[in-house]
Amino acid sequence: MKYLLDFSKTFPGEPTLTLHEYLGKASKEDVLLAGAFLLGVKTHNSQLQNTQTLLSKWFCTENNQFANEVYQQILVIQKEMGLPILIVNPISSLQLFEFAFSELEENGEMPSTEFEVNLFKAYLTLNEANTQLEYVTKKSIEKVVDKDLKWAAFNMTARFSQFEFMNYYLGEILTAQLIKAVYLFEFISDNEKCSPVLRGFLDYYDCSDWQYYLKSYLPLTHSLLKRDTEAHLNINVESGDKFDEGCAFLDKLILQDKEQLDEFDFRTLRAVPLYKLEKGKYRIIFDLFVAEKVFTGLYFKLREVYDSLPGEQKALGNFRSFYTTHFSENYLLYKTLQSCFPKKYVHLPGEKLKESGMAGEPDYYIRNKNKIFLFENKDVLIGAEVKQSSDFNQLEPELRKRLYYEEKKRKRKNGAVLQLITNIKNILTGSFDADKGVKTEHVKIFPILVLHYNQFNTPGLNKFINSWFQDELENLNDDGLDVSKVRSLTIIDIDTFITLQDYLMSRQIQLETIIDWYWIKNRNKIYINPFSNYILNHAIKRKLIKPPKILNESGLKLFENKQ
């Protein structure tokens, strides 16, 4: 744990100014460069998280006295707080970049010595604004009665807005993104109703096929993986016959001057994570957004293309509903789980169960002897306003609506928690007719909620959602059912399954064992780590870290068709 350096403690007694007052006269290019530099600071094992190293990079010789005064004050703060000091954090860096792009003029001018000082003070005001949200969180959880849940609720709420930006490993993200991107393109290529969407997408990027699109994008991700320095990263298009073509492709991805950056969730930055310096030269804004665009960004572009189609070509109905049901659940989830569990196990996909006449079926069912894995899949997001609020009273109802239940016109629509409970009840009462091999008296049931976004790996969230599950399980116990056979609800993101699929398939990692170990750790009331981190750390300790074999297959598919 570290203390995020803020303005008030660093400059006690000095009035805080607005970003405009600090940087309004500065060059837009200078602030954008600073924002890209700060976004390039690693979230793990960064040399620039060392205070002295960062200050020496930030300030020139002429500002040595100011830098030394700041450093001495930081030592005082560190002693007072009893924590190491953190200056750079991705949220403040994104906000700085956003401000520069949308608010500053190209022809601004400020002396470099003044700019360094003003930039530092402006950055600390952003840190302070983000830190003050913690007080919002503390007040908002006052009504949480259960003392055991209060710590989980606090961390879940305070860290929900920033966790995905501060806890990621680029290689793992790129692996999962590429595999999912290939799956998505295969899915829409094989679905005739998607033809207008795919055609419009390829026309926009002037690509003959989806393989060529991905091949055009991958050099960006390759540059991220091979970088050996921190700070900003520039991309230069290679000169030659395809120079103009390469520039034209990247121009589709760059952030245009007239676009306004979204205030909270950085949606525009996610969609177009570069900006143009000059012809053939581009700067990466944030490495995470470049990586996530390989797959996650496809959804937003495909939806945009679909929305622009003439009415007679919109054969998919609501694009979001079509995407989450037919791709996220019936295609991506099925293919992923089939790559994680041996064929000799009983596999019952939700579509097959539905076709058999089952109502309220699980999204996927797997049984290995007496061990049953019940899966519910939810490709959902918490909206930007709630996500950034740091307010438990806003976040908890949204989580409840998306994952537990939603009241509509005096009717309750069951979410993942209650859907799992329904199928657990069917199994324990012998009513799960789809699998005749179940012996109710000996089963061990592992309920798993599969989610698709890293925000749901926020510490404390799994423990909090499991409290709802345990309340419902207690109701089954009151009905006379033996719920000792049921494990706690475990949240696992789809990328974890993709990353570890070979080791799960070979049983070098036994999911049921890791789940049991994880919930033993959770008996400690202050243990709030997400399961995905727990299982990945387990794999790393055992050196089970090779990329899945399917990554090579996905890469080879890019070269099946040549342009």
Novice: Within the side chain of Glu128, is there an N or O that forms a donor-acceptor pair under 3.5 Å with the backbone of Ser8?
Specialist: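 Side chain of Glu128 to backbone of Ser8, a donor-acceptor pair under 3.5 Å: yes, one is there.
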Novice: If you count every heavy atom of other residues, nucleotides or ligands that lies below 6.0 Å from Lys25 atom NZ, does the total exceed 12?
Specialist: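 Result for NZ/Lys25: open.
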Novice: Taking all heavy atoms of Ile284 and all of Ala36, pick out the closest pair and write down the distance.
Specialist: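 For Ile284 and Ala36, the tightest heavy-atom pair comes out as O-CB, 4.1 Å.
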Novice: Mind listing the closest non-hydrogen atom pair of Asn127 and Leu5 along with its distance?
Specialist: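 Here Asn127 and Leu5 meet closest at ND2-O, 2.9 Å.
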Novice: Looking only at heavy atoms, which two atoms of Phe99 and Leu23 are closest? And how far apart?
Specialist: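 In terms of heavy atoms, the two residues are closest at CE2-CB, 4.0 Å.
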Novice: Who are the side chain to side chain donor-acceptor pair (under 3.5 Å) partners of Asp493, not counting sequence neighbours?
Specialist: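 With sequence neighbours excluded, Asp493 shows a side chain to side chain donor-acceptor pair (under 3.5 Å) to Asn457, Thr496, Ser532, given in chain and number order.
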Novice: Could you list the residues that satisfy side chain to side chain contact (heavy atoms under 4.5 Å, CB included) with Ser112, not counting sequence neighbours?
Specialist: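 Once residues adjacent in sequence are excluded, Ser112 has no partner under the side chain to side chain contact (heavy atoms under 4.5 Å, CB included) criterion.
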Novice: Going by the rule salt bridge (charged side-chain N to carboxylate O under 4.0 Å, His left out), which residues pair with Glu14 if we only count those two or more places apart in sequence or in a different chain?
Specialist: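 In terms of salt bridge (charged side-chain N to carboxylate O under 4.0 Å, His left out), with neighbours along the sequence ignored, Glu14 is linked to Lys121.
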Novice: Is there a donor-acceptor contact under 3.5 Å from the side chain of Gln177 to the main chain of Phe295?
Specialist: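 Confirmed, Gln177 side chain pairs with Phe295 backbone.
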Novice: List the atom of Gly171, the atom of Leu225, and the distance in Å for their closest heavy-atom pair.
Specialist: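 What the structure gives for the nearest pair is CA-CD2, 4.1 Å.
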Novice: Would you call Asp148 and Lys525 a salt bridge, taking side-chain N to carboxylate O under 4.0 Å as the test?
Specialist: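 Judged by the 4.0 Å cut-off on N to carboxylate O distance, Asp148 and Lys525 do form a salt bridge.
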Novice: With a 3.5 Å distance limit and no angle check, can you tell me whether Tyr217 reaches the backbone of Val290 through a side-chain donor-acceptor pair?
Specialist: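 Checking the backbone N and O of Val290 against the side chain of Tyr217, a donor-acceptor pair under 3.5 Å is found.
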Novice: Suppose we screen for salt bridge (charged side-chain N to carboxylate O under 4.0 Å, His left out). Which residues come up paired with Lys279, at least two apart in sequence or across chains?
Specialist: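 Salt bridge (charged side-chain N to carboxylate O under 4.0 Å, His left out) check on Lys279 returns Asp244.
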Novice: Suppose we screen for side chain to side chain donor-acceptor pair (under 3.5 Å). Which residues come up paired with Asn64, at least two apart in sequence or across chains?
Specialist: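 In terms of side chain to side chain donor-acceptor pair (under 3.5 Å), with neighbours along the sequence ignored, Asn64 is linked to no residue.
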Novice: Given side chain to side chain contact (heavy atoms under 4.5 Å, CB included), test Lys387 with Gln455 step by step and report yes or no.
Specialist: CA-CA 9 Å; Lys387 178 186 170 187; Gln455 62 179 217; 3.8 Å; yes
Novice: Looking only at side chains, do Asp379 and Ser328 share a donor and an acceptor under 3.5 Å apart?
Specialist: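 Yes, Ser328 and Asp379 have a side-chain donor paired with an acceptor closer than 3.5 Å.
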Novice: Start with the C-alpha distance between Tyr323 and Tyr306, add both sets of side-chain angles, then the distance that settles ring-ring contact (aromatic ring centres under 6.0 Å, His included), and finish with yes or no.
Specialist: CA-CA 12 Å; Tyr323 175 90; Tyr306 182 75; over 10 Å; no
Novice: Is the ring centre of Tyr205 less than 6.0 Å from the ring centre of Tyr212?
Specialist: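 They do not qualify: ring centres at least 6.0 Å apart.
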Novice: Examine distances only and state if a side-chain atom of Thr221 and a backbone atom of Leu218 form a donor-acceptor pair shorter than 3.5 Å.
Specialist: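 Indeed, once roles are kept as given, a pair shorter than 3.5 Å links the two residues.
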Novice: Of the non-hydrogen atoms in Val305 and Phe201, which two are nearest, and what is the gap between them?
Specialist: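 Heavy atoms of Val305 and Phe201 come nearest at CG1-N, 3.9 Å.
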Novice: From Arg402 CZ over to Leu451 CG, what is the distance, rounded to the nearest 0.5 angstrom?
Specialist: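 Answer rounded to 0.5 Å: 12.0 Å.
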Novice: What pairs of donor and acceptor atoms, side-chain ones from residues 71-80 against any protein atom, are under 3.5 angstrom apart with sequence neighbours left out?
Specialist:
from, atom 1, to, atom 2, distance (Å)
Gln73, NE2, Lys9, O, 2.8
Glu80, OE2, Lys9, NZ, 3.1

Novice: For Asp307, is the CG atom crowded, meaning more than 12 foreign heavy atoms sit under 6.0 Å from it?
Specialist: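 More than 12 heavy atoms, drawn from other residues, nucleotides or ligands, come within 6.0 Å of this atom.
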Novice: Might you confirm whether atom CD of Glu114 has over 12 heavy atoms from other residues, nucleotides or ligands at distances under 6.0 Å?
Specialist: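 Yes, CD of Glu114 has more than 12 neighbouring heavy atoms, counting only those of other groups under 6.0 Å.
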Novice: Do we see a donor-acceptor contact under 3.5 Å between the side chains of Glu21 and Thr18?
Specialist: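 Yes - a donor-acceptor pair under 3.5 Å links their side chains.
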Novice: Is there a side chain to side chain contact (heavy atoms under 4.5 Å, CB included) between Leu184 and Trp210? Walk through the geometry before answering.
Specialist: CA-CA 10 Å; Leu184 177 55; Trp210 61 264; over 6 Å; no
Novice: Can a donor-acceptor pair be found, under 3.5 Å and without considering hydrogens, that links the side chain of Lys252 to the backbone of Tyr204?
Specialist: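 Looks like yes, one N/O pair under 3.5 Å.
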Novice: Would Asp6 and Gln132 count as a side-chain hydrogen bond (donor to acceptor under 3.5 Å, both in side chains) here? Give the steps.
Specialist: CA-CA 10 Å; Asp6 60 17; Gln132 286 174 349; over 6 Å; no
Novice: Leu39 vs Phe165, test: side chain to side chain contact (heavy atoms under 4.5 Å, CB included). Steps then yes/no.
Specialist: CA-CA 10 Å; Leu39 282 166; Phe165 302 125; over 6 Å; no
Novice: Who pairs with Asp391 by side chain to side chain contact (heavy atoms under 4.5 Å, CB included), at least two apart in sequence or on another chain?
Specialist: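 Here the qualifying residues are Val136, Ser140, Ser389, Asn393, Gln394.
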Novice: Return the set of residues passing side chain to side chain donor-acceptor pair (under 3.5 Å) with Glu69 (not counting sequence neighbours), or none when no residue passes.
Specialist: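 By the side chain to side chain donor-acceptor pair (under 3.5 Å) rule, Glu69 matches Gln65.
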Novice: Please report the shortest heavy-atom distance between Ser46 and Val41, naming the atom on each side.
Specialist: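 The pair with the smallest heavy-atom distance is OG-CG1, 3.3 Å.
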Novice: Just wondering, are more than 12 heavy atoms of other shown residues or ligands nearer than 6.0 Å to CZ in Phe243?
Specialist: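 It does: Phe243 CZ has more than 12 such atoms within range.
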Novice: Salt bridge or not between Glu304 and Lys301? Use side-chain N to carboxylate O under 4.0 Å.
Specialist: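 Lys301 and Glu304: salt-bridged.
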Novice: Does the ring center of Tyr168 lie less than 6.0 Å from the ring center of Phe163?
Specialist: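 Ring centroids of Tyr168 and Phe163 are no less than 6.0 Å from each other.
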Novice: For residues 30-58, pull every pair meeting salt bridge (Lys or Arg N to Asp or Glu O under 4.0 Å), keeping only residues two or more places apart or in separate chains.
Specialist: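 Pairs touching residues 30-58 that pass the test: none.
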Novice: Is a side-chain donor or acceptor of Arg303 paired with a backbone partner of Arg320 at a separation under 3.5 angstrom?
Specialist: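 No: the side chain of Arg303 does not pair with the backbone of Arg320.
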Novice: Take Tyr282 and Asp251 through the side-chain hydrogen bond (donor to acceptor under 3.5 Å, both in side chains) test and state the conclusion after the steps.
Specialist: CA-CA 9 Å; Tyr282 304 80; Asp251 283 345; 2.8 Å; yes
Novice: Just one of Tyr123, Tyr275, Phe286 clears the ring-ring contact (aromatic ring centres under 6.0 Å, His included) bar with Phe97, so which one?
Specialist: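 Going through the options one by one, the only one that passes is Tyr275.
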Novice: Using atom types as modelled and distance alone, determine if a side-chain donor or acceptor of Lys463 lies under 3.5 Å from a backbone N or O of Tyr527.
Specialist: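 Yes, because the side chain of Lys463 sits within donor-acceptor range (under 3.5 Å) of the backbone of Tyr527.
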Novice: If you apply the rule side chain to side chain contact (heavy atoms under 4.5 Å, CB included), what do you find for Phe11 with Val70, and how did you get there?
Specialist: CA-CA 8 Å; Phe11 303 102; Val70 166; 4.1 Å; yes
Novice: Starting at CE of Met156, measure out to CZ of Phe456 and round the result to the nearest 0.5 Å.
Specialist: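 Nearest 0.5 Å value for the CE-CZ distance: 11.0 Å.
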Novice: Please enumerate all residues that pass side chain to side chain contact (heavy atoms under 4.5 Å, CB included) together with Gln162, with sequence neighbours excluded.
Specialist: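 Residues passing side chain to side chain contact (heavy atoms under 4.5 Å, CB included) with Gln162: Ile91, Met166.
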Novice: Counting only N and O atoms by type, is there a donor-acceptor contact under 3.5 Å from the side chain of Asn63 to the main-chain atoms of Phe66?
Specialist: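 A pair under 3.5 Å: no.
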Novice: How would you list, by chain and number, every residue that makes a salt bridge (charged side-chain N to carboxylate O under 4.0 Å, His left out) with Glu396, sequence neighbours excluded?
Specialist: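 Result, salt bridge (charged side-chain N to carboxylate O under 4.0 Å, His left out) vs Glu396: Arg400.
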Novice: Run the numbers on Phe392 and Phe154 for ring-ring contact (aromatic ring centres under 6.0 Å, His included), then give the verdict.
Specialist: CA-CA 8 Å; Phe392 178 79; Phe154 172 77; over 10 Å; no
Novice: By the side chain to side chain donor-acceptor pair (under 3.5 Å) test, which pairs, at least two apart or in different chains, include something from residues 535-547?
Specialist: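 Those involving residues 535-547 are His538-Arg542.
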Novice: With distance as the sole test, does Asn155 use its side chain to make a donor-acceptor pair with the main-chain N or O of Trp151 at under 3.5 Å?
Specialist: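 Pair found, side chain donor or acceptor close to backbone of Trp151.
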Novice: Taking Phe101's backbone N and O only, do any of them form a donor-acceptor pair with Lys28's side chain (distance below 3.5 Å, no angle check)?
Specialist: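 Answer holds: yes.
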